[in-house]
Amino acid sequence: MDTLDLAHYLIGKVAVHDVAAGRLSGRIVETEAYPVGDPAGHAFRGKTARNSSLFLGRGYAYVHFTYGSSFMLNVTSEARGVGAGVLIRALQPLEGIDLMQCSRGVTRLMDLARGPGRLAEAMRIDFRQDGVDLCAAGPLWLAATERNTGTIGESVRIGLTRNIDPRWRFYERGNPYVSGPRRLRE
DNA sequence: TATGCGATATTCT
DNA sequence: GAATATCGCATAG
């Protein structure tokens with residue numbers, strides 16, 4: 001499975017994070033792929049201290065901090081030593097909603113995890129989760145779900161300045177928890 | 001609803 | 001010193 005397949009596959013799956021106060025979980029409704037050789041990907045210029053988690057192999061967390069205020073959660077893809085990953089851009093909150101409202105400071109369900117920075121804040125993701133194995137037992141992991149997923153749409157990625165053209169963003173069509181302008185949610 | 005801009009910290013040049 | 005896989009508030013329509 002390559003990076004694009006993984007980005008598609010992750011839609012409808014559930015991300016779970018157990019913290020001291022309880023369990024936080026949400027259904028993934030929006031992702032973006034950053035495959036091998038993508039100039040917009042953090043691994044493009046080689047391995048550094050910041051992005052080393054991207055090279056761990058498939059199924060690890062890569063947590064990144066940007067714009068002075070936002071963490072972002074990625075799932076690594078490809079083989080060990082190859083830098084590529086999938087950015088989780090939005091969740092539909094399932095469990096621990098009261099905890100998310102507390103950490104985000106808002107009450108509207110739609111505003112809890114719509115957008116990568118909000119998502120990380122709601123799920124209490126930070127550098128401590130960088131490099132965690134998401135397929136093994138631990139506080140943070142990915143679970144499959146029995147629930148049906150709607151049609152999956154694709155679009156250009158959001159917020160990039162390089163390599164804008166490829167349609168490597170995937171989302172569940174019409175789901176109100178998807179981020180971005182309206183035309184990119186339908 | 002849509003667009004614009006400043007805040008903020010870490011990394012790389 | 002510049003750039004950045006963003007957010008929230010401001011303003012205008």
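Numbered from 1 within each chain, the chains take letters A, B, ... in sequence-line order.
Taking 4.5 Å as the limit, every side-chain heavy atom of Pro116(A) sits out of range of all side-chain heavy atoms of Leu119(A). In this structure the side chain of Leu99(A) reaches within 4.5 angstrom of the side chain of Leu24(A), judged on heavy atoms. In this structure the side chain of Ile152(A) reaches within 4.5 angstrom of the side chain of His8(A), judged on heavy atoms.
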Report all interatomic pairs (protein N or O, nucleotide N or O of nucleotides 9-13 of chain C) with separations under 3.5 Å.
none

For nucleotides 6-10 of chain B, which of its nitrogen or oxygen atoms have a protein nitrogen or oxygen under 3.5 Å away, and what is each distance?
{"residue": "dT8(B)", "atom": "O2", "partner": "Tyr67(A)", "partner atom": "O", "Å": "2.3"}

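The separation between Asp130(A) atom CG and dT11(B) atom P is 11 Å, rounded to whole Å. dT6(C) atom C1' lies 15 Å from atom CG of Leu73(A), rounded to whole Å. Whole-Å rounding puts the Arg162(A) CZ to dA5(C) P distance at 7 Å. Taking atom CZ of Phe71(A) as the reference point, atom C1' of dT11(B) lies 14 Å away to the nearest angstrom. Rounded to whole angstrom, the span from the CG atom of Leu184(A) across to the C1' atom of dT3(B) amounts to 15 Å. Computed from coordinates, the Asn163(A) CG to dA3(C) C1' distance equals 17 Å when rounded to whole Å. For the pair Arg169(A) CZ and dA5(C) C1', the interatomic distance rounds to 13 Å; values are reported in whole Å. One interatomic measurement links the two molecules: CE of Met110(A) to P of dG8(C), which rounds to 13 Å at whole-angstrom precision.
Under 3.5 Å, the side chains of Glu78(A) and Thr3(A) contain a donor-acceptor pair of N or O atoms. Side-chain N/O atoms of Arg167(A) and Ser155(A) include no donor and acceptor closer than 3.5 Å.
Listed for the Glu172(A) side chain is a donor-acceptor partner under 3.5 Å among the backbone atoms of Gly150(A).
The side chain of Thr48(A) places an N or O atom within less than 4.0 Å of a non-bridging phosphate oxygen (OP1 or OP2) of dC12(B). Arg118(A) has a side-chain polar atom (N or O) that falls below the 4.0 Å cut-off from OP1 or OP2 of dG8(C).
Hydrophobic clustering, with ILVMFWY side chains joined whenever heavy atoms are under 4.5 angstrom apart, groups Met123(A) together with Val86(A). In the hydrophobic clustering of ILVMFWY residues, with side-chain heavy atoms under 4.5 Å counting as a link, Leu140(A) and Met100(A) come out together. Under the 4.5 Å side-chain contact rule for hydrophobic residues, Tyr171(A) and Leu4(A) do not share a cluster.
Arg89(A) comes within 4.0 angstrom of the backbone, heavy atoms only, and of no base. When heavy atoms are screened at a 4.0 angstrom cut-off, Leu160(A) is found touching the sugar-phosphate backbone but no base atom. Note on Arg182(A): nothing from the nucleic acid sits closer than 4.0 angstrom, heavy atoms only.
Tyr34(A) carries Arg157(A) over the face of its six-membered ring, with the cationic atom under 6.0 Å from the centre and within 45° of the normal.
Both key distances under 3.5 Å define a Watson-Crick or G-U pair, and stretches of 3 or more such consecutive pairs in DNA chain C run B:1-7 with C:6-12, B:9-12 with C:1-4.
Nearest-nucleotide positions on DNA chain C for Asp111(A) and Ala43(A) put Ala43(A) closer to the 5' end.
Comparing dT6(C), dG8(C), dA5(C) against the side chain of Arg104(A) picks out dG8(C) as the nearest.
In the interface, the side chain of His64(A) is not paired with the base of dA5(C) through any donor and acceptor atom under 3.5 Å apart.
A salt bridge is defined here as a Lys NZ or Arg NE, NH1 or NH2 lying under 4.0 Å from an Asp or Glu carboxylate O, and Glu30(A) with Arg169(A) meets this definition.
Counting non-hydrogen atoms of neighbouring residues, nucleotides and ligands closer than 6.0 angstrom, the CZ atom of Phe65(A) exceeds 12 such neighbours.
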